[in-house]
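Naming: A, B, ... by sequence-line order, numbering from 1 per chain.
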Number of protein chains: 4
Amino acid sequence: MTSQPRSSGPSRPPGRPRDEQVDAAILAATRELLVEVGYERLTMTDVAARAEVGRPTVYRRYASKEALVAASVDAVRQPSPAPDTGSLRGDLRAELLPRAAELGEPLLLQFLAVLLVSNAEGSPFAQVYWRKAVAARRAAFGEMLERAQLRGELAADLDIDLLTDLVGGGMIYQALRPAGVRDEPLAQRVERVVELVCRLLTGVRVDGPGS
Amino acid sequence: MTSQPRSSGPSRPPGRPRDEQVDAAILAATRELLVEVGYERLTMTDVAARAEVGRPTVYRRYASKEALVAASVDAVRQPSPAPDTGSLRGDLRAELLPRAAELGEPLLLQFLAVLLVSNAEGSPFAQVYWRKAVAARRAAFGEMLERAQLRGELAADLDIDLLTDLVGGGMIYQALRPAGVRDEPLAQRVERVVELVCRLLTGVRVDGPGS
Amino acid sequence: MTSQPRSSGPSRPPGRPRDEQVDAAILAATRELLVEVGYERLTMTDVAARAEVGRPTVYRRYASKEALVAASVDAVRQPSPAPDTGSLRGDLRAELLPRAAELGEPLLLQFLAVLLVSNAEGSPFAQVYWRKAVAARRAAFGEMLERAQLRGELAADLDIDLLTDLVGGGMIYQALRPAGVRDEPLAQRVERVVELVCRLLTGVRVDGPGS
Amino acid sequence: MTSQPRSSGPSRPPGRPRDEQVDAAILAATRELLVEVGYERLTMTDVAARAEVGRPTVYRRYASKEALVAASVDAVRQPSPAPDTGSLRGDLRAELLPRAAELGEPLLLQFLAVLLVSNAEGSPFAQVYWRKAVAARRAAFGEMLERAQLRGELAADLDIDLLTDLVGGGMIYQALRPAGVRDEPLAQRVERVVELVCRLLTGVRVDGPGS
DNA sequence: CGGTAAGCGAGACGGTACGTCGCGTCTTAAG
DNA sequence: CTTAAGACGCGACGTACCGTCTCGCTTACCG
């Protein structure tokens, strides 16, 4: 395969090609350090050292620390389709519980924080990531809710985008509460949030509509 | 008797007391710069320069950038009691709309981001702030909901703490969405979230489950 | 004695008089630290602390570190008359050997170095001290040599000022050679220098002028 | 064969080599500032600025101000052989007058002072320099005197090492006397010292002891 | 198969912020 | 008016990290 006759295509650029193992090592090192020390205390020098790579080799791939971190986290997210279990309750659980598990991973949590800080500082990277990764998830969630509306499980005039924000915010909020303040495991807490959301969305009925 | 050391009382410590104008100038400079350049690009040197103060004078008060920022924002929050308008809907609006206005201020937004980053990095400062500032707000909100439960406006078995998370997360989420992604003014968007929350909490039942 | 009726005289200035014990403590602390850590590493804070005195109390007496050091060393030198033993050799020994002993004291050595550095930097303090302390010693030495000339022990046309430089430089040079380079005790070495000076000044006569 | 590491030889270390122009610029800047403001007022920041170099670049080469100054002066001294004119008088003049000229240069003077201060503070740098630079000069001077002894111009039993100290001290003393105290140019004064030394060493006997 | 263009590890470079320390001045309260 | 205590403005210190550069070497392709 090495002497493949060009086949056609964009005709690989001249010179030595980039080492893919280096690519992987850099991203892995970044993720590890991100979890271990956090964004602020992560240094390019440390990343290069852990990846057993020269510092310029990192910069050849990513122009800045911010870009490196973005890429390292981006690479870890894999898309998954919106669940379709047939019931709103089932869909919600199928969608949100895995999401909660992800939030429990320190890497994603860390990244979330970075995203927010960068965002607040007007970084372009935040917007890019938001549109790319967050928007997809939101769209899936939205479809899920629309199906529930079609089935009549959910009030048809509820603003789905708004609802998505509410549920998403509620979920993320759990993960961002400092560990020392939380009194129960994240997973359990999130489970209860999911239950609450189900109750609210399917129409609470406090003491009957009769009054 | 003349040399009696005032017996009890706080009896100021010896030496020149700290200049309160300096205190104020440092906090003001920090807030300004936080808004102008953001947390990462804020430097102690710049803070000192803007406050027209020596750098060690800043460090005398705050051991680190993190502590400085925490204090600067902390000083800006003033407590307000939970509203009591007599109806859940009125209370929610009275409580949440001012909160939304605060979120619109770049300073608080910036601080929120810092809080999250610091938190993820295991900083003690995040926990302290959380307990001090956030917890008070949450308690007020909780009382508000409890009154609604007593009045029968809200299902008595709803977990108020959970509900608080959900609403709080939904609110904050609005503020943290990158400006470029938002399509309507923050205030207007939040108003709609409040409406949505009202509908959910008071038991939606738009067209009945029957149809 | 405390209630002495003013006696008369220049009518003591108003207010609390300066504490003379403080004066002494400051100078003593300075000398100790000068010997222990040297001029560069000596700090006003340390001096004040060791003297158990506030820092401004030091500054009230001495405007700068340089002035403090000058005063501290100055206070240790006491004048002594030029010896007059009747012979050049006796006078030289009587004058130079005590001087050598002084050079052995770390304090004076340290001060000498400071004097030189300050001098090279054009400090006024160096000149003042030079004129005050060094000049007196030089004058005494000069008188000694003049008496020797009158007695005919010393060539009458020798430039005494020049001779003083030569002998003085030779003496100081001994003290300034780094301890690690010296191979015999300072006192012994200086004794031999004195002997050499005596031989040279009284007119060496190698193998007769006849040739 | 292609990857053979050159077998023996110095074989440059990996990485970018140090910029020799930077080396030179730093030393030059140091010398200039040393002359302009003196040792105490010389700052690493100023050196770096004048050399148009980052501050860390200076620290990469010299761990401290002391080491920097040592190197900067060290680089300026070039060895010269002991003169051999055939007569003690000629040799003395040939050796000492150039030395006096050097002493007239502010740089060397400044350095001399630093040497002394550092020495008194127990710095290793002083001893190193002493052994390296001073010892060589002393040896040359000693050889010169030995030749004079062999020729019978100088008493054979004079201790040459001691004599070297005496003459050296006398010379340096001239340079270190504060400029404001000196009344004639350094060069002229030194010339007279040389003359005096010649008279003393060759056995003074101006008008005989008889008169 | 030798040339050439790029990748690579290493590390120096200019710049900038950090957090500390010392200087010399000031502002308190106590005497 | 002196004293002890200590805050203040200033500015240097030595360190760390950023992002760029320059080395000598290696690795692929391309003629």
Let me know the distance between [atom1] of [X] and [atom2] of [N], rounded to the nearest Å.
X	N	atom1	atom2	value
B:Leu42	E:dT16	CG	P	17 Å
B:Glu40	E:dA17	CD	C1'	13 Å
B:Met44	F:dG11	CE	P	19 Å
B:Tyr59	F:dC13	OH	P	18 Å
B:Glu66	E:dA17	CD	P	20 Å
B:Leu33	E:dA17	CG	P	12 Å
D:Asp46	F:dC13	CG	C1'	13 Å

Using a cut-off of under 3.5 Å, enumerate the N/O to N/O pairs linking the protein to nucleotides 10-12 of chain E.
unit_1, atom_1, unit_2, atom_2, d
E:dA12, O4', D:Arg16, O, 3.4
E:dA12, N6, A:Arg55, NH2, 3.0
E:dA12, N3, D:Arg16, NH1, 3.3

Considering all heavy atoms, the nearest [X]-[Y] contact:
X	Y	answer
C:Val58	C:Ala48	CG2-CB, 4.0 Å
D:Ala29	D:Val47	CB-O, 3.7 Å
B:Tyr39	A:Glu40	CE2-OE2, 3.3 Å

Subject >> Under 4.0 angstrom between A:Thr45 side-chain N/O and F:dA16 OP1 or OP2 >> reply: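 For F:dA16, OP1/OP2 do not have a side-chain N/O of A:Thr45 under 4.0 Å.
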Original post:
Is any side-chain nitrogen or oxygen of B:Ser64 closer than 4.0 Å to OP1 or OP2 of E:dG19?
Top reply: no
Original post:
For B:Arg60, which residues count as a salt bridge (Lys or Arg N to Asp or Glu O under 4.0 Å) partner, sequence neighbours excluded?
Top reply: none
Original post:
Under a 4.0 Å heavy-atom cut-off, which of residues 20-28 of chain A touch DNA chain F?
Top reply: none
Subject >> Interatomic distance, C:Thr43 atom OG1 to C:Lys65 atom NZ [nearest 0.5 angstrom] >> reply: 7.5 Å
Subject >> Distance (rounded to the nearest 0.5 Å) between C:Asp46 CG and C:Arg41 CZ >> reply: 12.0 Å
**OP:** Give every residue pair that meets the salt bridge (charged side-chain N to carboxylate O under 4.0 Å, His left out) criterion with at least one member in residues 17-26 of chain A, sequence neighbours excluded.
**Re:**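 Pairs touching residues 17-26 of chain A that pass the test: A:Asp23-A:Arg61.
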Original post:
With sequence neighbours excluded, what pairs up with A:Tyr59 under the side-chain contact (heavy atoms from CB on, under 4.5 Å) test?
Top reply: A:Met44, A:Arg55
**OP:** Using the test side-chain contact (heavy atoms from CB on, under 4.5 Å), find all partners of D:Glu52 that sit at least two apart in sequence or belong to another chain.
**Re:**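 For D:Glu52, no residue satisfies side-chain contact (heavy atoms from CB on, under 4.5 Å) once neighbours in sequence are set aside.
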Subject >> Nearest-nucleotide comparison on DNA chain F, the residue closer to the 5′ end among D:Thr43 and B:Ala51 >> reply: B:Ala51
